[in-house]
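What follows is a set of notes on a single structure, which appears directly below.
Every chain is numbered from 1 and lettered A, B, ... according to where its sequence line falls, protein lines coming before strand lines.
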Number of protein chains: 2
Amino acid sequence: MVDYISLLKQNNLKATIQRTNILKSINRTGHITIDEIYEELKIDYPTLSLATIYKNILLMVQHGVIVEIPISGEKSKYEIKKDEHIHLICKSCGNIEDRELSSCNIDIEDFNIIFKQINLYGLCRNCQSK
Amino acid sequence: MVDYISLLKQNNLKATIQRTNILKSINRTGHITIDEIYEELKIDYPTLSLATIYKNILLMVQHGVIVEIPISGEKSKYEIKKDEHIHLICKSCGNIEDRELSSCNIDIEDFNIIFKQINLYGLCRNCQSK
DNA sequence: GTTGTTAATAAAAATTATTATCAAAAAAAG
DNA sequence: CTTTTTTTGATAATAATTTTTATTAACAAC
Ligand SMILES: [Mn+2]
Ligand SMILES: [Mn+2]
Ligand SMILES: [Zn+2]
Ligand SMILES: [Zn+2]
């Protein structure tokens with residue numbers, strides 16, 4: 001279990017109940033859209049405003065707590081910031097799986113890389129056997 | 001110079017003046033947003049409708065003429081579909097540069113890759129020396 | 001405990017982005 | 001040339017996102 005309060009404080013953000021709940025949703029699913037967070041949280045927390053989620057997602061991205069994963073043809077998903085890794089995105093079931101970045105050696109000249117975003121689209125193991 | 005008429009026909013799309021102009025904009029800039037296409041084309045072609053651009057961009061993506069490049073924190077750009085390559089995206093000047101995919105060896109098990117999307121964010125040569 | 005100060009939230013409004021509708025124009029087929 | 005099909009432009013409708021405003025929560029000073 002992750003300590004969202006410390007995580008937020010480490011990144012100079014106050015640990016409000018809204019923020020910790022957003023992080024809980026993100027962490028539970030691994031990768032999730034803003035709409036999905038809203039749908040999920042408003043069950044237990046009906047007064048929560050969608051605008052608050054947008055605002056806090058943006059804030060937490062800016063403060064490096066979470067990262068955006070833009071996806072071709074659909075809405076961005078968000079995940080807790082962690083060691084760099086790549087995404088295997090299944091075109092059939094939509095599942096997103098994390099994999100080691102080490103399976104991908106990159107050698108670029110004349111460019112100072114700050115961060116990498118590697119999405120591989122295809123069929124997951126499950127969907128291959130159907 | 002690219003033959004947009006053949007390109008469209010090869011992909012079972014009729015070569016309208018709107019479509020060839022959209023492709024011309026995309027090709028001239030390499031990578032461009034929908035808004036930028038509209039701003040650019042309406043100078044020479046004031047009656048062109050933004051809805052027509054949205055409609056044709058979607059259609060040309062579906063027919064494999066162009067591809068969407070989703071980018072963290074900003075609007076998607078589009079480019080002519082060509083051999084797979086990676087993108088070097090400068091966080092300072094915003095420039096997008098194509099590079100060979102060969103500089104990146106990928107070795108994944110249990111996943112059937114259909115296509116790859118590799119964006120490297122950082123500083124381009126120009127912006128490094130500032 | 002009350003006040004003042006600040007920050008965060010919820011609700012509402014405004015703005016922006018995207019998609020749908022449909023008549024007119026253009027292109028293709030016959 | 002006439003009919004049929006496709007595409008476009010204009011506009012309306014919807015959806016997504018941002019901004020504004022009013023309310024509430026937190027908390028230290030009095
Ligand atoms: Mn991930
Ligand atoms: Mn490119
Ligand atoms: Zn799958
Ligand atoms: Zn640059």
Side-chain angles (χ1 to χ4, degrees), chain A residues 4-26 32-63 65-78, chain B residues 4-26 31-78:
Chain A
Y4 306 113
I5 297 174
S6 316
L7 180 59
L8 286 164
K9 288 187 176 162
Q10 277 163 28
N11 289 283
N12 304 310
L13 287 173
K14 300 202 170 147
T16 66
I17 188 75
Q18 289 82 355
R19 287 174 192 163
T20 53
N21 274 317
I22 291 171
L23 289 176
K24 226 176 277 180
S25 277
I26 296 178
I32 191 171
T33 65
I34 286 179
D35 289 346
E36 288 163 349
I37 295 171
Y38 182 56
E39 290 310 314
E40 189 168 307
L41 291 185
K42 81 176 171 191
I43 296 170
D44 289 333
Y45 194 168
T47 83
L48 178 67
S49 164
L50 182 57
T52 298
I53 299 183
Y54 272 103
K55 212 179 325 179
N56 281 313
I57 286 286
L58 180 62
L59 202 66
M60 291 192 287
V61 167
Q62 288 168 343
H63 282 73
V65 179
I66 60 177
V67 296
E68 181 188 358
I69 307 165
I71 300 174
S72 262
E74 37 190 302
K75 302 190 88 178
S76 286
K77 298 199 171 186
Y78 296 86
Chain B
Y4 305 112
I5 296 174
S6 317
L7 179 59
L8 286 164
K9 288 186 176 164
Q10 278 163 28
N11 289 283
N12 303 311
L13 287 174
K14 300 198 171 149
T16 66
I17 187 75
Q18 290 83 355
R19 287 175 193 163
T20 53
N21 275 317
I22 291 171
L23 289 176
K24 226 175 278 179
S25 277
I26 295 177
H31 314 85
I32 191 170
T33 66
I34 286 179
D35 289 345
E36 288 163 349
I37 294 171
Y38 183 55
E39 290 309 313
E40 188 168 305
L41 291 185
K42 82 176 172 192
I43 296 169
D44 290 332
Y45 193 168
T47 85
L48 179 67
S49 166
L50 182 58
T52 297
I53 299 182
Y54 271 104
K55 216 177 323 184
N56 282 310
I57 286 286
L58 180 62
L59 202 66
M60 291 193 287
V61 167
Q62 288 169 341
H63 282 73
V65 179
I66 61 178
V67 297
E68 181 188 358
I69 307 164
I71 301 175
S72 261
E74 38 189 302
K75 301 190 88 178
S76 286
K77 299 198 172 187
Y78 296 86

Requested in this report: Step through the shown structure and confirm whether more than 12 heavy atoms of other residues, nucleotides or ligands are within 6.0 Å of CD1 on I5(B).
Outcome: no
Query raised in the report: With a non-hydrogen cut-off below 4.0 angstrom, is Y45(B) in contact with a base, only sugar-phosphate, or nothing?
Result: sugar-phosphate
**Report entry** Nearest-Å distance for atom pair CG/C1', residues L59(A) and dA8(C)
**Finding:** 11 Å
Query raised in the report: Side chains of L41(A) and S25(A): closer than 4.5 Å at any heavy-atom pair?
Result: yes
**Report entry** Heavy-atom neighbours of K9(B) NZ exceed 12 at 6.0 Å
**Finding:** no
Query - L50(B) CG - dT7(D) C1' separation (whole Å) - result: 16 Å
Report task. Round to a whole Å and report the spacing from NZ of K14(B) to P of dA28(C). Result -> 6 Å
Report task. Describe the nucleic acid contact of K55(A) in one word from base, sugar-phosphate, nothing, applying a heavy-atom distance below 4.0 Å. Result -> base
Report task. Would you indicate what L48(A) reaches in the nucleic acid, counting non-hydrogen atoms under 4.0 angstrom: base, sugar-phosphate, or nothing? Result -> sugar-phosphate
Query raised in the report: If you check the A51(A) side chain, which of dG9(D), dT18(C), dT18(D) turns out closest?
Result: dT18(D)
Query - Per R19(A) side chain, nearest of listed nucleotides dA8(C), dA10(C), dT8(D) - result: dA8(C)
Report task. Rounded off to whole Å, could you give me the CG-to-P distance for the L13(B) and dT7(D) pair? Result -> 8 Å
Query raised in the report: Of all the nucleotides listed (dT17(D), dG9(D), dT18(C)), which has the minimum atom distance to the side chain of K75(A)?
Result: dT17(D)
Query raised in the report: How close or far is atom P of dT8(D) from atom CD1 of I57(B), stated in whole angstroms?
Result: 12 Å
Query - Nearest-nucleotide comparison on DNA chain C, the residue closer to the 5′ end among I34(B) and N56(A) - result: N56(A)
Query raised in the report: Is there a side-chain contact between L8(A) and M60(A), using heavy atoms and a 4.5 Å cut-off?
Result: yes
Query - Toward the 5' end of DNA chain C, by each residue's nearest nucleotide, L58(B) or K9(B) - result: L58(B)
Query raised in the report: Does dA8(C) have OP1 or OP2 sitting under 4.0 Å from an N or O in the side chain of T16(A)?
Result: no
Query raised in the report: Counting only side-chain N and O atoms of Q18(B), is one of them less than 4.0 Å from OP1 or OP2 of dG9(D)?
Result: yes
Query - Between C1' of dT16(C) and OH of Y38(B), the distance in whole Å - result: 14 Å
Report task. Give the rounded distance in Å between these two atoms: CD1 of I5(B) and C1' of dA27(C). Result -> 14 Å
Requested in this report: Figure out the CD/P separation between E74(A) and dT19(C), and round it to whole Å.
Outcome: 13 Å
Query raised in the report: Can you find a side chain N or O atom of T47(B) that sits less than 4.0 Å from OP1 or OP2 on dG9(D)?
Result: yes
Report summary line: With the side chain defined as heavy atoms from C-beta on, Y54(B) is closest, among dA10(C), dT19(C), dT8(D), to dT19(C)
**Report entry** Within-4.5 Å side-chain heavy-atom neighbours: I37(B) and N21(B)
**Finding:** no
